[in-house]
Trainee: 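Quick one: the structure is below, questions incoming.
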Amino acid sequence: MKFELQHKDPRSNARAGLITTDHGQIETPIFMPIGTVASVKAVHQRELVEDIKAQIILGNTYHLYLRPGLDILEKAGGLHKFNGWERPILTDSGGYQVFSLSGTRKLSEEGALFRSHIDGSKHLFTPENVIETERIIGADIMMVLDECAPGDADYKYAKKSMEMTHRWLKRGMDHFKKTEPKYGYSQTLFPIVQGCAYKDLRQQSAEIIASYNADGNAIGGLAVGEPAEVMYEMVEVVNEILPQDKPRYLMGVGTPANILENISQGVDMFDCVMPTRNGRNAMLFTRRGIMNMKNKKWADDFSPIDPDSDSWVDTFYSKAYLRHLFVSKEYLALQIASIHNLSFYLWLVGEARKHIIAGDFAEWKCQILPIVSQRL
RNA sequence: GGGGAGAUACCAAAGUGGCCAACUGGGGCGGACUGUAACUCCGCUGACUUCGUCUUCGUAGGUUCGAAUCCUGCUCUCCCCA
């Protein structure tokens, strides 16, 4: 994997760049739709390419390991072959499940012992076997196993957690070097900065992560309950340390406002369930603001979902029709909302990139941020 | 014509003397969701001047300290037999 830094915004830390992988290029800043179990929920591959214009999608190690399982993935020839996605794929390591499935897992120095949410069976994830799994999945960008600590963790816990994540990082990196890609194209591994909401821990972690000189670096453990201002502050501190010439991936973020603010701080890559999950729950992010499509006020609004959009669902379907589909619990509602929200997110980062290149990102951000954040 | 069952909030349906402004679903309205255990979850849903008051359980009366619940008349609905 290669990263070329193409433009820097004069009035912020925003950057435009180009990532090159064996499955093609990614223009940054970029938003990466999440396809946890080998599918971006409610969206066809064709829509992902043609309507949403996704350049890279995510898969999840924990979920794919449980289903369909490594034997099937290996027989398929990796995830790209299995789901037909020919562009780059990034896999999360299961680190987030350490956080989200905290009720059914046990952490130790060795790794994370999970109880499957599907059948209750026990599975141990270690920094090493997660690498093996991601090799079998065949992600272009793999993530190391980390502990994503909760947003309100106290200093003592945050420090202990971070230090273990660093030890896991060393083991993961070592194991990565000892193993080879399985399908003939190259794979890379991103380390993850932790440290909760503590500046000094974030700095320490960023220094350690930077020392590995990986192809790209991730910032984890944010947007897990702390205020947005704290997240921005942590990202700022970390990005002062992470290398300029490598892409920075802020994991799991976020709202349109979060994304704009963090682009401004020098983040290049984002992923979040929000456009798809909230979309399935009738929340639409548009160029004019945020709409809850279940609200009665849309019942007789026959104007297009998002008239300024060039994604066909946005001008083809009306707000009133989409509301009707949601109220009637029609599957089509989930599809339209997911396609719409993802194309909006891709549009948002694409516009950000254009304005960074044009040199007026800061002005554009000031102007658009209140609009896309407002509730309609 | 004879016999039987029943009428409860927007709908369905519990409740058969005080703990009932009334269980529970559905519907309606609103909210949440940030590296996806999520087409999920959480509120509210008689009225009002809302830590309280008022009016409700087909309808008109009655019994009782107290009735959606017991009694009587009436209206309507459904089922069975002719």
Trainee: Does a salt bridge link A:Glu233 with A:Arg202, judged by any charged N lying under 4.0 Å from a carboxylate O?
Mentor: no
Trainee: Around A:Arg67, counting heavy atoms of other residues, nucleotides and ligands shown, do more than 12 lie under 6.0 Å from its CZ?
Mentor: no
Trainee: In whole angstroms, how far is the P atom of B:A37 from the CZ atom of A:Arg67?
Mentor: 12 Å
Trainee: A:Arg353: what forms a salt bridge (charged side-chain N to carboxylate O under 4.0 Å, His left out) with it, not counting sequence neighbours?
Mentor: A:Glu27
Trainee: Take A:Glu134 and A:Thr91 through the side-chain hydrogen bond (donor to acceptor under 3.5 Å, both in side chains) test and state the conclusion after the steps.
Mentor: CA-CA 7 Å; A:Glu134 292 183 281; A:Thr91 40; 2.8 Å; yes
Trainee: Could you work out the separation of B:C54 and B:C19 based on their P atoms and round it to a whole Å?
Mentor: 16 Å
Trainee: Measure from CE on A:Met283 to P on B:A32 and round the result to the nearest Å.
Mentor: 6 Å
Trainee: Check whether any side-chain N or O of A:Gln97 sits under 4.0 Å from OP1 or OP2 of B:G35, and answer yes or no.
Mentor: no
Trainee: Measure the distance from NZ on A:Lys297 to C1' on B:G28 and round it to the nearest whole Å.
Mentor: 17 Å
Trainee: For nucleotides B:G27 and B:G73, find the distance between their C1' atoms and express it as a whole number of Å.
Mentor: 37 Å
Trainee: Using only heavy-atom distances, decide whether a donor-acceptor pair under 3.5 angstrom links the side-chain of A:Ser100 to the base of B:U36.
Mentor: no
Trainee: Just to verify, which of A:Asn217, A:Asp268, A:Asp271 counts as forming a side-chain hydrogen bond (donor to acceptor under 3.5 Å, both in side chains) with A:Tyr249?
Mentor: A:Asp271
Trainee: Does OH belonging to A:Tyr185 count more than 12 external heavy atoms closer than 6.0 Å?
Mentor: yes
Trainee: Give the nucleotide from the list B:U36, B:G28, B:C33 with an atom nearest to the side chain of A:Tyr96.
Mentor: B:U36
Trainee: On RNA chain B, compare the nucleotides closest to A:Leu334 and A:Gly220; which residue's is nearer the 5' end?
Mentor: A:Gly220
Trainee: Would you indicate which nucleotide in B:U34, B:G35, B:G31 comes nearest to any side-chain atom of A:Asn258?
Mentor: B:U34
Trainee: Any residue in residues 231-252 of chain A with a heavy atom nearer than 4.0 angstrom to RNA chain B? Just list them by number, or reply none.
Mentor: A:Met251, A:Gly252
Trainee: For B:A14, give the paired nucleotide (Watson-Crick: N1-N3 plus N6-O4 or O6-N4; G-U: N1-O2 and O6-N3; both under 3.5 Å), or none.
Mentor: none
Trainee: Whom does B:C70 pair with, Watson-Crick or G-U wobble, provided both distances fall under 3.5 Å?
Mentor: B:G62
Trainee: Expressed in angstrom and rounded to an integer, what is the separation of A:Phe99 atom CZ from B:C33 atom C1'?
Mentor: 12 Å
Trainee: Please determine whether a side-chain nitrogen or oxygen atom of A:Asn295 lies at a distance below 4.0 Å from atom OP1 or OP2 of B:G30.
Mentor: yes
Trainee: Rounding to a whole Å, what distance do you find between A:Ile57:CD1 and B:U36:P?
Mentor: 13 Å
Trainee: Mind checking who B:A7 pairs with, Watson-Crick or G-U wobble, both distances under 3.5 Å?
Mentor: B:U75
Trainee: Mind checking the C1' distance from B:G17 to B:A22? Whole angstroms is fine.
Mentor: 15 Å
Trainee: How close do A:Trp312 and A:Tyr317 get, counting heavy atoms only, and between which atoms?
Mentor: CH2-OH, 3.9 Å
Trainee: For a quick test of reading the model: is some side-chain N or O of A:Asn281 closer than 4.0 Å to OP1 or OP2 of B:C33?
Mentor: no
Trainee: Below 4.0 angstrom from OP1 or OP2 of B:A37, is there any side-chain N or O of A:Ser116?
Mentor: no
Trainee: In whole angstrom, give the distance that lies between atom CD1 of A:Ile137 and atom P of B:G35.
Mentor: 18 Å
Trainee: Rounded to whole angstrom units, what separation is found between the CZ atom of A:Arg323 and the P atom of B:G28?
Mentor: 8 Å
Trainee: Expressed as a whole number of Å, how far does the P atom of B:C57 sit from that of B:G52?
Mentor: 24 Å
Trainee: It should be established whether A:Arg375 places a side-chain nitrogen or oxygen under 4.0 Å from OP1 or OP2 of nucleotide B:A32.
Mentor: yes
Trainee: In whole angstrom, give me the gap between the C1' atoms of B:U8 and B:U77.
Mentor: 15 Å
Trainee: I need the CZ-P distance between A:Phe31 and B:G35, as an integer number of Å.
Mentor: 9 Å
Trainee: Could you identify the nucleotide paired to B:C41, looking across every strand shown and requiring Watson-Crick or G-U wobble geometry with both distances under 3.5 Å?
Mentor: B:G31
Trainee: Establish, yes or no, whether a centroid distance under 6.0 Å links the rings of A:Tyr345 and A:Phe270.
Mentor: no
Trainee: So, OP1 or OP2 of B:A38: does either fall under 4.0 Å of a side-chain N or O from A:Arg280?
Mentor: no
Trainee: Answer with yes or no whether A:Asp146 presents, from its side chain, a donor or acceptor under 3.5 Å of a partner atom in the base of B:G35.
Mentor: yes
Trainee: Could you walk me through whether A:Asn60 and A:Tyr65 pass side-chain hydrogen bond (donor to acceptor under 3.5 Å, both in side chains), step by step?
Mentor: CA-CA 8 Å; A:Asn60 188 288; A:Tyr65 159 86; over 6 Å; no
